[in-house]
Amino acid sequence: MKVPILLPNIFNYPFTYESDLNLKVGDYVVVPFGKFEITGVVWDEFEKKNNKNFKVKRVLKKLNVTPLKRTTIKFLNWFSEYNIIPKGMALKLVLLSSNAIEKFPKVAYENFKFDIKDNSIKLSEQQKKSLKKMNISNQKFRVHVLQGITGSGKTMVYFEALKEIINKNFQGLILLPEIGLTGQFEKKFLEFFGFMPAVWHSGISKKKKEIIWSGISNGDIRVIIGARSSLFLPFKKLGLIIVDEEHDQSYKQDEGITYNARDMAISRASFENIPINLITAVPSIETYENIKKGKYTISRIEQRYQNASLPNYEIINLNETKLEKQSWLSKKIVDRVNSHLEKNDQVLFFLNRRGFSPHVLCDKCFNSYSCPNCSVNLVYHKKKNDLLCHYCGFKTPLKRTCVKNGSCEFIFCGPGVERISEEVKKKFSTKKIEIFSSDTMNKKDSRVRLKKIIDNEVQILVGTQLISKGFHFPNLNCIVVVDIDLSSQGHDLRGAEKNLQLYHQLSGRAGRTGKPATVYFQTYNTNIRMISDLTNSNPNIFLDKELEIRRKNKLPPYQRFISLILTGEDEKKLEKEAFYFKNFIEKKIDGKVLGPVSAPIFRLKKKYRIRLLVRGYKSLKLQNSIAKNILDYKFSVGIKLSVDVDPINFN
Ligand code: ADP
Ligand code: ZN
């Protein structure tokens, strides 16, 4: 018999093979392809075009793996259409390095045995209400949003829901932003359930991944806590998806295969016909709109668990207190911090900039250090004693012959966390200080460092936005936003939303144990919108305003945006091509094409970048018309197109 087999490669359709193995849709098989033997899956439909010219080859063998569910196959077909990604590449997201993993003996899954133990947690009245409103018991697709500030007990509510699902013999998936998978969450899980969940993210070893993959596919593993890629695991009997911190922008994968894991989780839940819960303190604008339309149900937890307090806000007007040269901390803030330290509070100085200084130039020749591969400045990292490109990783030591004479003499413009921490060390010399950024925390010893911070052995933290992601520091009661003016810039329509989310998350770190906590903002501009939006305790006011702006200007979530980014090493050729391409697709697609314009970071990793933006109605017709025209268009050699549906970054 003839069978359609999808392979994990760039083709958008299954290939036809011959077999008498009695294969069914979803079976994993090994087939010859060119010179290789590769793993594929029996797909649900043959390719419509008949490629008669090919000699039909035979399936080599069927693998001992639980077949991929039909609902999952339907989801993948839709995923590929929606994101304008070849079907084969969608399948690749399911497989492990393009392979399917055959069953291990039962003992391999021993570590993930799911005996639920009793715990002492009794939900509060509000938590119970929220659980009831979630209404997971009928096991049908619906989206529920659980909104509540950090520390309000949302996790306990969805753990309770998950418990019910596991007890009914289903599997559960908890999606978290990658950075939140630090062990703190696993501990919380273990305390509640009494068994270890399987954890899935890019740092997990290959062997472990194999066990987890097969355990999920044969049902021996019940719960996954994972980053966005775990959404593509071949669950045997998925019963509930939870997207924690649903507003987090890191759910968007915007390199390579681009997709938004939160949105795709919702559609997977819909194809599998199971409930999904979105968890957040402040919903994303898309989610908020769906709540308002009544598409999603919502429950709110208003207070922190046991009434732990919310932080206060204070604005420090930098126009009133003159900063000394090469200093970023006002006298007023130093006084405030000292009084917190006297009370044994932990203090965080927040600045969303890694390294020592973002811009270095020579005092004699005025040449700055910029990246040879990208159109950005290099950032000086003092500890590494290197200048780094944060986009391509290029690095160079701080030493240069000056075009005038001798060596360059450097001026460092502006601070990063390293520089702020130097000033902090001077001003609070008796205290233990730690920098908290991806340069210091992604290391092997980060667990040890984290523990020290949690145990209050470190009195002062200097951190980037990394710290806003789901960490729980019990003594943190003072947050100083060193320069809020710095973060109110950015080149995208989501700037306001991003900032609100960032500072909301940040504030959520403070005052977790009931002591009074304060967030201080240093600023030259005391009436920036962000501060009033943030300090307003009801985030819906901001979201309503923002939605109105989006509606008026025909922006997402009211219309669909699709970015088409052309890249190439030859600037002139690229510019020409962008115009040709625009002309070619303009009249043939179901939307309006804006651009071409140079991308804000015009050159990245040695390639120039030009963007087109397509705007249209929210219908798959738009994607389909683009996909067809991309296929019909012949790009010149050396020019590459990447597509980003629902873009978040406009770099
Ligand atoms: P969120 O997910 O909203 O940040 P959590 O669910 O993590 O909040 O709860 C915050 C803290 O309060 C946790 O330490 C948790 O153990 C505790 N907590 C929440 N609800 C309860 C409860 N019903 N009984 C006991 N402790 C609770
Ligand atoms: Zn670079």
Side-chain angles (χ1 to χ4, degrees), residues 114 116-176 185 188-195 197 222-225 235 237-247 262 265-284 286-308 310 470 508 537-540 543:
F114 41 90
I116 299 184
K117 299 207 175 54
D118 280 336
N119 58 43
S120 60
I121 288 173
K122 295 269 170 301
L123 296 189
S124 69
E125 283 312 308
Q126 241 189 0
Q127 285 174 317
K128 275 190 203 151
K129 257 198 203 152
S130 169
L131 181 64
K132 196 155 172 237
K133 229 176 153 192
M134 267 184 191
N135 185 27
I136 41 160
S137 43
N138 77 357
Q139 271 304 301
K140 291 266 166 16
F141 172 67
R142 49 109 204 100
V143 187
H144 182 80
V145 180
L146 173 50
Q147 183 178 358
I149 51 164
T150 22
S152 61
K154 301 185 294 298
T155 312
M156 296 305 129
V157 177
Y158 75 67
F159 275 180
E160 203 65 55
L162 185 61
K163 189 161 141 187
E164 198 180 316
I165 294 284
I166 302 172
N167 280 332
K168 286 186 179 158
N169 276 325
F170 286 100
Q171 294 169 306
L173 167 65
I174 303 175
L175 287 174
L176 288 180
F185 191 87
K188 209 154 133 183
F189 186 97
L190 182 64
E191 274 165 16
F192 186 94
F193 288 96
F195 70 90
R222 282 301 170 82
V223 183
I224 290 280
I225 293 176
F235 290 90
K237 202 180 168 193
L238 188 56
L240 177 66
I241 303 179
I242 286 150
V243 185
D244 204 344
E245 315 282 359
E246 70 81 26
H247 58 271
R262 177 204 55 218
I266 294 169
S267 80
R268 180 154 191 188
S270 148
F271 278 97
E272 312 270 0
N273 196 17
I274 56 166
I276 178 167
N277 295 334
L278 309 180
I279 318 295
T280 184
V282 181
S284 63
E286 291 80 6
T287 297
Y288 187 67
E289 199 229 357
N290 282 316
I291 296 169
K292 291 198 87 171
K293 282 199 298 207
K295 251 177 97 176
Y296 299 174
T297 58
I298 177 160
S299 62
R300 285 196 188 82
I301 308 184
E302 308 284 353
Q303 277 127 24
R304 278 193 160 170
Y305 182 67
Q306 289 186 334
N307 290 327
L310 277 175
S537 61
N538 180 3
N540 294 2
L543 292 167

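Numbering starts at 1 and runs along the sequence shown.
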Closer than 3.5 angstrom, by distance alone: can the side chain of K154 be matched with the main-chain N or O of I149 as a donor-acceptor pair? yes
Taken in chain and number order and not counting sequence neighbours, the residues that satisfy side-chain contact (heavy atoms from CB on, under 4.5 Å) with L190 are M196
> Given side chains that start at C-beta, do those of K295 and E289 come closer than 4.5 Å, heavy atoms only?
Replying inline: no
Worksheet item: Less than 4.5 Å apart, any side-chain heavy atom of I121 and any of Q127?
Response: no
The side chain to side chain donor-acceptor pair (under 3.5 Å) partners of K132 (sequence neighbours excluded) come to none
task = Would you indicate whether the side-chain heavy atoms of E246 and V145 approach each other to under 4.5 Å?
result = no
- Note: K128-E125 ion pair, threshold 4.0 Å (strictly below): yes
Paired with L175, the side-chain contact (heavy atoms from CB on, under 4.5 Å) test is passed by just one of I225, I242, V243, namely V243
**Asked** With a 4.5 Å limit on heavy-atom distance, are the side chains of N540 and Y288 in contact?
**Response** yes
Q: Could you please spell out the steps behind the side-chain contact (heavy atoms from CB on, under 4.5 Å) verdict for V157 and M134?
A: CA-CA 9 Å; V157 177; M134 267 184 191; 3.8 Å; yes
Residue set satisfying side-chain contact (heavy atoms from CB on, under 4.5 Å) with K168, at least two apart, ordered chain then number -> S137, E164, F170
Report, as yes or no, whether the 6.0 Å neighbourhood of atom NZ on K129 holds more than 12 heavy atoms from other residues, nucleotides or ligands.
-> no
Does the pair E191 and N119 meet the rule for a side-chain contact (heavy atoms from CB on, under 4.5 Å), with working shown?
CA-CA 8 Å; E191 274 165 16; N119 58 43; over 6 Å; no
Rounded to the nearest 0.5 Å, the OG1 atom of T287 sits from the CD1 atom of I266 at a distance of 6.0 Å
Heavy-atom distance under 4.5 Å between the side chains of P539 and Q147, does that happen here? yes
When rounded to the nearest 0.5 Å, the distance separating CG of L123 from CE of M156 is 9.5 Å
The side-chain contact (heavy atoms from CB on, under 4.5 Å) partners of D118 (sequence neighbours excluded) come to none
Separation between CD1 (I116) and NZ (K163), nearest 0.5 Å, reads 6.5 Å
| query | Does the side chain of L162 come within less than 4.5 Å of F189's, by heavy atoms? | reply | yes
CG of L240 to CD1 of I136, rounded to nearest 0.5 Å, is 6.5 Å
CZ (R262) and CD1 (I241) are apart, to the nearest 0.5 Å, by 13.5 Å
List, one per line, each side-chain donor-acceptor pair under 3.5 Å for residues 272-283, sequence neighbours excluded.
residue: E272; atom: OE1; partner: K69; partner atom: NZ; Å: 3.3
residue: E272; atom: OE1; partner: T71; partner atom: OG1; Å: 3.0
residue: E272; atom: OE2; partner: T72; partner atom: OG1; Å: 2.9
residue: E272; atom: OE2; partner: R268; partner atom: NE; Å: 3.0
residue: E272; atom: OE2; partner: R268; partner atom: NH2; Å: 3.3
residue: N273; atom: OD1; partner: F141; partner atom: N; Å: 2.8
residue: N277; atom: OD1; partner: R142; partner atom: NH1; Å: 3.4
residue: N277; atom: OD1; partner: R142; partner atom: NH2; Å: 2.9
residue: T280; atom: OG1; partner: H247; partner atom: ND1; Å: 2.7
residue: T280; atom: OG1; partner: V282; partner atom: N; Å: 3.1
residue: T280; atom: OG1; partner: V282; partner atom: O; Å: 2.8

Sequence neighbours excluded, the answer for side-chain contact (heavy atoms from CB on, under 4.5 Å) partners of T297 is H144
- prompt: Got F195 and I166 here, is their nearest side-chain heavy-atom distance under 4.5 Å?
  reply: yes
CD (E302) and OG (S152) are apart, to the nearest 0.5 Å, by 9.5 Å
A side-chain contact here means heavy atoms from C-beta on lying under 4.5 Å apart; do F193 and V223 qualify?
no
Would you call the rings of Y158 and F185 parallel, tilted or perpendicular, where under 30° means parallel and over 60° means perpendicular?
parallel
